[in-house]
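Take a look at the structure below.
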Amino acid sequence: MATATPEQTTSQRAEVVLDVIRTRRVVRSFTDEPISDADLRTILEAGRWALSAGNRRINKFLVVQDPKRIRLVRAVSPGMLARPTALIVILTDTEKAAREQVQLDKDLNTWIDVGTAAQNMSLMAHALGLGSCPATSFSRSGVAAALALPPTMLPEFILQLGHPAPQQRVMRPGASTRLPIDALTFWERVGQPLPRR
Ligand SMILES: Cc1cc2nc3c(=O)[nH]c(=O)nc-3n(C[C@H](O)[C@H](O)[C@H](O)COP(=O)(O)O)c2cc1C
């Protein structure tokens, strides 16, 4: 067997990561098959290793698989179009935030931390062959009541998870468009295009 050079290993790894990033699409149709504990733990591990401003880590993750509680959450979440078999709710731990001297009403980094964890987890779900979809349109007080959250834990983001229904495995052409890199990026100065390759 040929031994990969360090360069090959790096570029192969980059290809794998880019492929996972590029092929992930939100999934809003799931089968009833539950997600294994091992897969949930791998997704949580991806969330655990997300970027975090100042490494303060003021978020907690709440896994919900009880169908009744998922139904209760759906009832107060207009953004939940799917019928997921599991949720990971990203919470802000306000006690931890206070210990870290984070001013929740002023510090925009707290939202970025939620996004980095959510992105890592949705990419890992996809890498495992699972589907995910965010929900940010929900009643905070309704979700807090549905999940019996203590008042110190604020629900920020819901990641809906499940096994994609078969029709979801086929990507609709043009279903989710992306601007080309040239249209997104300036080089050194605003207005200056990327150099030609
Ligand atoms: C911050 C944020 C909030 C979102 N909220 C919802 C939501 O409430 N419900 C939903 O179905 N999708 C939601 N989405 C998913 C987007 O609609 C989806 O990522 C976008 O249409 C691009 O599709 P793609 O991720 O498949 O490329 C949200 C995405 C982000 C980043």
### Task
Please check if atom CZ in Arg41 has more than 12 non-hydrogen atoms from other residues, nucleotides or ligands closer than 6.0 Å.
no

### Message
Taking Arg57's backbone N and O only, do any of them form a donor-acceptor pair with Asp113's side chain (distance below 3.5 Å, no angle check)?
### Response
no

### Query
How many angstroms lie between CZ in Phe30 and OG1 in Thr85, if you round to the nearest 0.5 Å?
7.0 Å

### Query
More than 12 heavy atoms of other residues, nucleotides or ligands under 6.0 Å from CG of Asp32: is that the case?
no

### Query
Is the backbone N or O of Leu91 less than 3.5 Å from a side-chain atom of Asn59, with the two atoms forming a donor-acceptor pair by type?
yes

### Query
Side chains of His126 and Thr23: do they bring a donor and an acceptor to under 3.5 Å?
yes

### Query
Judged by atom type as modelled, is there a donor-acceptor pair below 3.5 Å linking the side chain of Thr185 to the main-chain atoms of Asp182?
no

### Task
Hey, could you give me the NZ/OG1 distance between Lys60 and Thr152, rounded to the nearest 0.5 Å?
9.5 Å

#### Entry: Side-chain donor-acceptor pair present, Glu156, Thr92, cut-off under 3.5 Å
yes

#### Entry: Which atom of Ile35 lies closest to which atom of His163, heavy atoms considered
CA-NE2, 4.1 Å

### Message
Just so I know, are the side chains of Ile90 and Leu159 near enough to count as touching, which here means a heavy-atom distance under 4.5 Å?
### Response
no

### Message
Rounded to the nearest 0.5 Å, what separates atom CD in Glu45 from atom CD1 in Ile43?
### Response
12.0 Å

### Query
If you draw a 6.0 Å radius around CD in Glu188, do more than 12 non-hydrogen atoms from other residues or ligands fall strictly inside?
no

## Note on the structure
All heavy atoms of Ile158 vs all of Ser77, minimum pair found to be CD1-OG, 4.1 Å

### Task
Begin with the C-alpha distance, continue with both residues' side-chain angles, and end with the deciding distance and a verdict on side chain to side chain contact (heavy atoms under 4.5 Å, CB included) for Asn109 and Val102.
CA-CA 9 Å; Asn109 285 331; Val102 177; over 6 Å; no

### Message
Hydrophobic clusters here meaning ILVMFWY residues chained together by side-chain heavy-atom distances under 4.5 Å, can you tell me if Phe157 and Met80 are in one?
### Response
no

### Task
Could you tell me which non-hydrogen atom of Ala86 sits nearest to which non-hydrogen atom of Leu40, and how far apart they are?
CB-CD2, 4.4 Å

### Query
Do Leu130 and Ile88 sit in the same hydrophobic cluster, where Ile, Leu, Val, Met, Phe, Trp and Tyr count as joined when their side-chain heavy atoms come under 4.5 Å apart?
yes

### Task
Kindly determine whether Gln160 and Val73 satisfy side chain to side chain contact (heavy atoms under 4.5 Å, CB included), including the steps that lead there.
CA-CA 11 Å; Gln160 309 167 79; Val73 171; over 6 Å; no

### Query
So, does Arg25 use its side chain to make a donor-acceptor pair with the main chain of Arg22 at under 3.5 Å?
yes

### Message
Test side chain to side chain contact (heavy atoms under 4.5 Å, CB included) on Met153 and Leu62; report intermediate values, then the result.
### Response
CA-CA 10 Å; Met153 294 285 179; Leu62 174 64; over 6 Å; no

### Message
Atom CG of residue position Leu108 - does it have more than 12 heavy atoms of other residues, nucleotides or ligands inside 6.0 Å?
### Response
no

### From CA spacing to verdict: side chain to side chain contact (heavy atoms under 4.5 Å, CB included), Arg69, Leu87
CA-CA 10 Å; Arg69 298 173 85 212; Leu87 309 176; over 6 Å; no

#### Entry: Side chains of Arg74 and Val76 in contact at under 4.5 Å (non-hydrogen atoms)
no

### Query
If you count the non-hydrogen atoms of other residues, nucleotides and ligands that lie under 6.0 Å from CD1 in Ile181, is the total more than 12?
no

### Message
When you compare the side chain of Val27 with that of Cys133, does any pair of heavy atoms fall below 4.5 Å?
### Response
no

### Summary
Correct closest heavy-atom pair for Ala165 and Thr31 would be CA-CG2, 3.8 Å

### Side-chain heavy-atom pair Ser52, Thr116 within 4.5 angstrom cut-off
no

### Task
Measure the spacing between CD of Glu100 and CG of Asp107 and express it to the nearest 0.5 Å.
11.0 Å

### Query
Are Val114 and Leu123 connected in a single hydrophobic cluster, I mean Ile/Leu/Val/Met/Phe/Trp/Tyr linked by side-chain heavy atoms less than 4.5 Å apart?
no

#### Entry: Closest approach of Pro155 to Ala144 (non-hydrogen atoms, all atoms of both residues)
CG-N, 4.4 Å

### Message
Let me check something: do Met121 and Leu128 share a hydrophobic cluster, defined by ILVMFWY side-chain heavy atoms less than 4.5 Å apart, either directly or through other members?
### Response
yes

### Non-hydrogen side-chain atoms of Arg99 and Lys96 separated by less than 4.5 Å
yes

### Message
Are Val64 and Leu149 linked, directly or through intermediate hydrophobic residues, by side-chain heavy-atom contacts shorter than 4.5 Å (ILVMFWY only)?
### Response
yes

### Query
Crowded around Arg83 CZ? As in, over 12 foreign heavy atoms under 6.0 Å?
no

## Note on the structure
d(Thr110 OG1, Gln103 CD) to nearest 0.5 Å is 11.0 Å

### Query
Closest approach of Val26 and Arg24, non-hydrogen atoms and distance?
N-NH1, 3.5 Å

